[in-house]
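To start, the structure itself, in structure tokens.
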Amino acid sequence: GSLRAEFVKEMGLLDEARRDMATVAEKDLPLLQEKLNRLKSERDGMEARVARKRQDVTNRLKTAILEEKHLREELEEAILRMLSDIAEHLQKELEGEKKERDTTE
């Protein structure tokens, strides 16, 4: 009788293990899959937000660089015009002084 009792006990343990595995397969695995899907979705969303933020920062930097370049070019042109005006003024002064010298000699 004791061998039969052990066999029945082992069969009960095996049956319990099968039920536990069925519970895992039917309930726990789908829950884990759902959590994994949610985590993947959250990660994908975070990666998309980071990519958008990176693109936004890159675009703002490009805009700032182009604005700075434009302002620098305008300043350079203004300086060149000013220097040209100064050169023209000095040229006229020199011509005036030369005429004045020529008329007094």
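Being a predicted model, the structure only gives us computed values, none of them experimental.
Side-chain atoms of Ser84 do not come within 3.5 Å of backbone N or O of Leu80 as any donor-acceptor pair. Under a 3.5 Å cut-off, the side chain of Thr58 and the backbone N or O of Arg54 do form a donor-acceptor pair.
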Next item on the list: Might you work through the salt bridge (charged side-chain N to carboxylate O under 4.0 Å, His left out) test for Arg81 and Asp85, ending with a clear yes or no?
Entry: CA-CA 6 Å; Arg81 283 192 304 273; Asp85 290 346; over 6 Å; no

Next item on the list: Evaluate the side-chain contact (heavy atoms from CB on, under 4.5 Å) criterion for residues Val50 and Lys53: first the C-alpha distance (whole Å), next the side-chain angles of each, then the deciding distance (0.1 Å), finally the verdict.
Entry: CA-CA 5 Å; Val50 167; Lys53 182 70 172 177; 5.6 Å; no

Next item on the list: Dump the intermediate steps for side-chain contact (heavy atoms from CB on, under 4.5 Å) on His89 and Lys92, then the final yes or no.
Entry: CA-CA 5 Å; His89 178 73; Lys92 286 180 183 176; 5.7 Å; no

Checklist line | Derivation of the side-chain contact (heavy atoms from CB on, under 4.5 Å) call for His70 and Leu66 | finding: CA-CA 6 Å; His70 178 72; Leu66 290 174; over 6 Å; no

Next item on the list: Start with the C-alpha gap between Lys98 and Asp102, add the side-chain angles, then the distance that decides, and say whether side-chain contact (heavy atoms from CB on, under 4.5 Å) holds.
Entry: CA-CA 6 Å; Lys98 184 178 178 189; Asp102 288 346; 3.9 Å; yes

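Contact between Pro30 and Ala25 at its shortest, heavy atoms only, is CD-O, 3.4 Å.
Proximity of Arg38 to Lys35: side-chain heavy atoms (C-beta onward) are separated by under 4.5 Å at one or more points.
The CD atom of Glu34 sits 10.0 Å away from atom CG of Leu32, with the distance rounded to the nearest 0.5 Å. Within the model, atoms CE of Met46 and CZ of Arg43 stand 8.0 Å from one another, a figure rounded to the nearest 0.5 Å.
Both Phe7 and Leu14 are members of a single hydrophobic cluster when ILVMFWY side chains are connected at heavy-atom separations under 4.5 Å. Note: the hydrophobic cluster containing Leu83 also contains Leu75 (ILVMFWY, side chain heavy atoms under 4.5 Å, direct or indirect links). Following chains of ILVMFWY side-chain contacts shorter than 4.5 Å, one cannot reach Met21 starting from Leu29, and the two form parts of different hydrophobic clusters.
Using a 4.0 Å cut-off between a side-chain N of Lys or Arg and a carboxylate O of Asp or Glu, Lys69 and Glu73 qualify as a salt bridge. Classification of Lys40 and Asp44 as a salt-bridged pair holds, one side-chain N sitting under 4.0 Å from a carboxylate O.
Among residue pairs with one or both ends in residues 56-68, those qualifying as salt bridge (Lys or Arg N to Asp or Glu O under 4.0 Å) are Asp56-Arg60, Glu68-Arg72; sequence neighbours excluded.
Glu10 meets the side-chain contact (heavy atoms from CB on, under 4.5 Å) test with Leu13; sequence neighbours excluded.
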